[in-house]
A.B. asks: 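Pasting a structure below so you can have a look.
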2 protein chains.
Amino acid sequence: MASGQLYGLGLGPGDPELVTLKALRLLRAAAVVVYPAPESGDSFARGIVAQWLDRGQPEIAIRFPMQPGPPPAAIYRAAAAEIAAVLDRGGDVACLCQGDPLFYGSFAGIFAELAERYRVTIVPGVSSLTACAAAAALPLVQRDAILSVIPATLGEDALARRLAAVDPGDGAAVIKLGRHFAKLRRVLERLGLLDGAIYVEHASLPSERVAPLATVDPASVPYFAMALIHPGESTIRPDRGASG
Amino acid sequence: MASGQLYGLGLGPGDPELVTLKALRLLRAAAVVVYPAPESGDSFARGIVAQWLDRGQPEIAIRFPMQPGPPPAAIYRAAAAEIAAVLDRGGDVACLCQGDPLFYGSFAGIFAELAERYRVTIVPGVSSLTACAAAAALPLVQRDAILSVIPATLGEDALARRLAAVDPGDGAAVIKLGRHFAKLRRVLERLGLLDGAIYVEHASLPSERVAPLATVDPASVPYFAMALIHPGESTIRPDRGASG
C-alpha cells in the first residue's frame, strides 16, 4: 500500500476567512488532523478552522510545554512517530499551522523528522507579517526597499545592532514581542525610532489592535504582537480599526 | 449617499486555490473590479480570479508601461480618479493584487492617492515569499533567526553589502530577479553563498520551478523569481516538484 501524504497547511493569522481554498479542501480530505497546542487548553491553529472540523476526523494534538527556548526535540519525535503511523497505513495527514508553515512556525520541526521518508506538501498561508501590515494599513516595503524581520527574543545589544542597520526608506518588522516588549521599546527610544513605530496585536481577529508603539503598556503585550518600523518616516499614522 | 469602500485584495502568488475565502467574497460583492496590467496584454492578478469574474462586473485596468524604475505618478493619479468616481457613487471597488497588497505591490500607489478620502480595507494575501519557501519545501526562518528580503534591483555593491550582513543561521530572500540575476549570481559566488542558494520561479503555478541557483541559465530568469539564501547551510536540497 502506498504511504499517505503529509500536508503542512498554512491557515493564516486567525480570521477563518483568511484561510485559502486549498487549505480548506485538503483539511477536509485528510484522514487525520494534527495541530500544535499548549500544555493544556485549546490550539490556536485548530480554532481557526474549528467550524470545518465537523466530520469526526481523528485529531492529534502536539502539546508544547510553556517554557523559553526551542521546544524539546523529543516532542517532535513523538509527534512524528504518531503521524508516521497514519501515513504508513495510507492515510493523508493535515498538519494545521497558524500563519504560514515555514515562517517561524513549529511545523519545521515536524517536517525535519518526516521529509526524508514521506511525501510532504506545504500549502503557504497568509503570514502574520502581511496581516499586521494590512491591519495597520501600512505598506511594509515598496520598490527597492529592504525588509528585515527581527525576533524580539534577541538580546538587547543584538536587537539594537540589527535595528540600527535598517536604513531610512527601508522597513523592519519586529515579531514575538510579549515579555520582550520593554526591551524593544528601550532600543527604539535609544535609536530615535520610537515615534514612527506602529504596534499591532492579534491581527485579523476581533481583538485586533493597532496603536502608536509609544502608547502601549508593556504589561499588556501578547506574544502574537508585532512592531512595524520605518526609519525616516516621522509621521505617526492614525489608528485604524479592524480590517472589516 | 455614503461613499463606497475600496478593498485591496491580496490574491496570492498565482494558484487560484491560494485565494482566501475573504478575498473571494469581497471580489464577488464589489461594484467594480480594478487591476494592474501591462501596457498591452493580460493582467496577472485578474488571471488568478478570472473564473470568478462571470457576473459582468465593470472592470478598470491600470496599465503600466514596461520601463525600469517606479511607475509614473500620473498613472496612479488617473487610476485613482476613476476609482474615486465609483466610490463617490456609493459603489465598492475591489482592487486585485497578486501576492499581498502591501508587500512590494503596486497597490501602495493607489492607496496613497485615496486613503485620506475614502474607507480602505486591506485583505492580506499569501505573499510570494512564503509561496517560494513552500515550493522549495525550505523553512525560511525559525526561532531567533532574522529574515532579510532584498530586491535584486539594488546596485551590485549594495546587494553584496546586504548579503554579506546576513549571519549564519539567518535567512535571506532576494526578489525581483529577472535581468538582475547575473549580477546576483556574481555576488553570491564572491561571498561564497552560491552553493547553498535555491532558485524558485513561478511559485504555485503549473510552470513552477525549483532548482539549485548555480544551475540556472541567467537568460531564462523571469521577474517573478526569487533566491532563498541560508548562509552556513551548505547542503543543497533536492529539487522538488509543484506543491500539488
Side-chain angles (χ1 to χ4, degrees), chain A residues 5 8 10 12-13 15-25 69-70 99-105 107-109 111-112 115 120-127 129-135 137-151 153-154 162 165 176 203-204 243-244, chain B residues 5 8 10 12-13 15-25 69-70 99-105 107-109 111-112 115 119-127 129-135 137-151 153-154 162 165 203-204 243-244:
Chain A
Q5 186 163 180
D15 177 352
E17 266 208 297
L18 291 178
V19 172
T20 65
L21 302 173
K22 185 168 186 175
L24 188 51
R25 171 174 63 82
D100 178 84
L102 298 178
F103 185 78
Y104 296 102
F107 181 71
F111 178 74
V120 184
T121 293
I122 317 278
V123 177
V126 175
S127 70
L129 184 68
T130 61
C132 285
L138 190 67
L140 272 175
V141 263
Q142 295 178 65
R143 295 190 280 272
D144 292 353
I146 292 166
L147 174 68
S148 302
V149 184
I150 306 171
T153 48
L154 292 175
R162 291 307 192 137
K176 306 187 182 187
S204 89
S243 55
Chain B
Q5 186 162 180
D15 177 352
E17 265 208 297
L18 291 177
V19 172
T20 65
L21 302 174
K22 185 167 186 175
L24 188 50
R25 172 175 62 85
D100 178 84
L102 298 178
F103 185 77
Y104 296 101
F107 181 71
F111 178 74
R119 281 184 304 155
V120 183
T121 292
I122 317 278
V123 177
V126 175
S127 69
L129 184 67
T130 61
C132 285
L138 191 68
L140 271 175
V141 263
Q142 296 179 64
R143 295 190 280 270
D144 291 354
I146 293 166
L147 175 68
S148 302
V149 184
I150 306 172
T153 49
L154 292 175
R162 291 307 193 139
S204 89
S243 55

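Lettering of chains follows the sequences in order, A, B, ..., and the numbering in each one begins at 1.
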A.B. asks: Can you name the side chain to side chain donor-acceptor pair (under 3.5 Å) partners of B:Thr130, sequence neighbours left out?
C.D. replies: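 Applying side chain to side chain donor-acceptor pair (under 3.5 Å) to B:Thr130 gives A:Asp100.
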
A.B. asks: Which bit of B:Arg119 is near chain A, if near means a heavy-atom gap under 4.5 Å: side chain, backbone, both or neither?
C.D. replies: neither

A.B. asks: Between chain A and each of B:Leu154, B:Leu140, B:Thr20, B:Asp15, count heavy-atom pairs under 4.5 Å; write down the option with the most.
C.D. replies: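 That would be B:Thr20.
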
A.B. asks: Where do B:Ala23 and B:Gly10 come nearest, in terms of heavy atoms and distance?
C.D. replies: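 What the structure gives for the nearest pair is CB-O, 3.8 Å.
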
A.B. asks: What residues form a side chain to side chain contact (heavy atoms under 4.5 Å, CB included) with A:Gln142, not counting sequence neighbours?
C.D. replies: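 With neighbours one apart ignored, the set is A:Pro139, B:Ala108.
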
A.B. asks: Where on A:Pro13 is there a heavy atom nearer than 4.5 Å to chain B: the side chain, the backbone, both, or neither?
C.D. replies: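 Neither part.
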
A.B. asks: What I'd like to find out is whether the side chain of A:Val149 reaches to under 4.5 Å of the side chain of B:Ile146, using heavy atoms alone.
C.D. replies: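 No, side chains not in contact.
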
A.B. asks: Counting N and O atoms only, with roles assigned by atom type, does the side chain of A:Lys176 sit under 3.5 Å from a partner on the main chain of B:Arg143, one being a donor and the other an acceptor?
C.D. replies: yes

A.B. asks: Measuring heavy-atom distances to chain A, does B:Ala165 have an atom under 4.5 Å in its side chain, in its backbone, in both, or in neither?
C.D. replies: backbone

A.B. asks: Can you tell me how far CD1 of B:Ile122 sits from CZ of B:Phe107, rounded to the nearest 0.5 angstrom?
C.D. replies: 4.0 Å

A.B. asks: Output the option from A:Gly105, A:Ala145, A:Cys132 having the highest count of non-hydrogen pairs under 4.5 Å with chain B.
C.D. replies: A:Ala145

A.B. asks: Considering only heavy atoms and a distance below 4.5 Å, find which of B:Leu147, B:Thr153, B:Val19, B:Leu24 pairs most often with chain A.
C.D. replies: B:Leu147

A.B. asks: Who among B:Ile150, B:Val141, B:Leu18 has the most heavy-atom pairs with chain A under 4.5 Å?
C.D. replies: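 Of B:Ile150, B:Val141, B:Leu18, B:Val141 has the most heavy-atom pairs under 4.5 Å with chain A.
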
